J.: 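Questions regarding the structure given below will be posed in turn.
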Amino acid sequence: MPKFLRSATVVCAAFVLVAAGCGAVATNLSVADGTYPRAVVAADHAIASQAGLDMLMRGGNAVDAAVATSFCLAVVRPYSCGLGGGGFMLVHIASDAPMPTQSVAITYRETAPAAVGPDYYVQLDTPGASRYGPHAVGVPGTVAGLMTALENYGTLDRATVLKPAIEAAEQGFAIDADYVASAGEVLDDIRAHPEWIDLVGADRFEWFYHRFLFDGEPKVGQTLRQPELARTLRLIARDGAPAFYAGEIGQAVAAACPQMSAEDLAQYQPRLSQPLRGTFRGRTVLAMPLPSSGGIATLETLGLVERRWMDVEQAAPQSPAYIHLVVEAMKHAFADRAEWLGDERFANVPATSLLSETYLDILARRIDPLRTQPPESYGSREGLPIDAGTSHFGVVDEWGNAVACTETINLSFGSLLPVPEYGFMLNNEMDDFLTVPGERNAFGLQQSQRNLPEGGKWPLSSMSPTIVLGEDGLVEVVVGGSGGPRIISATLQTLLDVVLHDSSAGEAVAAPRFHHQWMPDVLQFEDSWTDAATMEAMREFGHDVGRRGDVGVVQLIRRRGDGWDAASDPRKGGAPAGW
Ligand code: GLY
């Protein structure tokens, strides 16, 4: 074990939660929430929310605010997202001037480099290679995605939207409890697996260990300054996306990853497409299309809950009957995720069939309101009708435009591989592919051949930025989260709390949650779930019941009265900023 790890002490900071604003919550978590008449940004760090709000207050729109928030998150949440990662942004333009009313999904997911084929990791035969070190890295998409959003839908210039991030990187900021907890977990993992350091390489690891892990002793309140990242952000402000994909930054990324060429970076393109559209209880739900599985899983689950709503209409929120219905619907959605989903540009994916009325009717009839089923009863293996380390924030501006955006470098600090001269961490998104047939990914997700790696292909994701339009066609809810497959369950549960039970934003994000991803076949309740009787009732429905620390981190904005009620999840300690 390298000397710099041997001398380090484990840091286990108590999770201190930020309390701000009001909001009565049925939980022991203290939530940061508030109601704002004009506009609001809800991110998982208060500095990033404020960066977006600064853009709104100087006349920028929701997209300007989103781009500023995202670049700022790259600075203050370097273990969750950043220039070395990718993401998904859902934009809804509500006003007719100066742009026509429209909704667009911007995909800037990392792609597999051209040199990576379906059996790349089998041939490599190196345990952990899809998770740590250079082979884990997909071609980053964040800079291209944000620049595309700004150029097509923003109104401010690059220098303006990047200014808050540059200042935060240069002047530094005090690391919070969530940062310390995440860095502490990574330190514990590395002590248990010192071989990961060999995958990363000692020099790069040492830079990462010093800069982001504070030489093994991160403490709340220490200042993180990032002069290299500030210079990188200045280059992007000056030259735009080419600074990253055709310039010195891209050269440094390619030099860090043997399987990635300058050509891979030069060819990277984000995609603009139509969001998925579904309905739920009179609303229109805009969701992310593939390669996010989140949109299909969300709409499939909502479709099933709506079809079986009569089973639980009289049941209280969070009652066993209600939880059982939501879990059974999620199990179908996750089983179909495992079997059918992948990048539809490379694999035959029956997305339309999965969301068809016929298929949802069939699945809804298979739900037993009194008993859970064996795993093979969920989703479909055949016979479909033939037709066919993450951060989330939301923005609503004073014109009613909205952005829901989720970004990631996958696990905490991504591949653990930094680009030291430019100050950022590279993703390990390649692990979201099926890297070795028969094995599950870091989130325990079972996946099909449709999600094998291939040059230029996007790995399947669970990120679920979602915008709900009310019956009047105006934005009603902006929601999404972080937490791998728990994103889908957490986003769904907070959305259901708001739409079905009229919970406030604060109540919805702070409420204790549950998770089921079909396989492993376990219904997990958060540690904060104290209602033992409900857990026992779930066992009586036949569920194998377990525990986990938390189920996702959600930021939610909802229309209420004349204002925007917004909350950042207390599980990560963010806070909204509004006007
Ligand atoms: N990297 C986690 C996801 O995209 O689902």
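Predicted model, so just to flag it, every value in this text is computed and none were measured. Both counts, for ligands and for their atoms, begin at 1 and track the order of listing.
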J.: Which ligand 1 atoms, with their elements, are less than 4.0 angstrom from a heavy-atom of D432?
T.: 1 (N), 2 (C), 3 (C), 4 (O), 5 (O)
J.: Hey, which atoms in ligand 1 end up nearer than 4.0 Å to a heavy atom of S462?
T.: 3 (C), 4 (O), 5 (O)
J.: Within the structure, does S461 bring an N/O atom to less than 3.5 angstrom of an N/O atom in ligand 1?
T.: yes
J.: At a 4.0 Å threshold, what atoms of ligand 1 neighbour a non-hydrogen atom of M463?
T.: 4 (O)
J.: Between R547 and E526, is there a side-chain N and carboxylate O pair less than 4.0 Å apart?
T.: no
J.: Apply the test side chain to side chain donor-acceptor pair (under 3.5 Å) to residues Y108 and E407: give CA-CA distance (whole Å), side-chain angles for both, the deciding distance (0.1 Å), then the verdict.
T.: CA-CA 9 Å; Y108 48 102; E407 300 178 317; 2.6 Å; yes
J.: With a 4.0 Å cut-off on N to O distance, would you call D44 and R77 a salt bridge?
T.: yes
J.: Does D431 come within less than 4.0 Å of R131, counting only side-chain N to carboxylate O?
T.: yes
J.: Is the closest basic N to carboxylate O distance between D188 and R191 below 4.0 Å?
T.: yes
J.: Heavy-atom contacts under 4.0 Å between E110 and ligand 1: side chain, backbone, both, or neither?
T.: neither
J.: What atoms of ligand 1 come within less than 4.0 Å of a heavy atom belonging to R109?
T.: 4 (O)
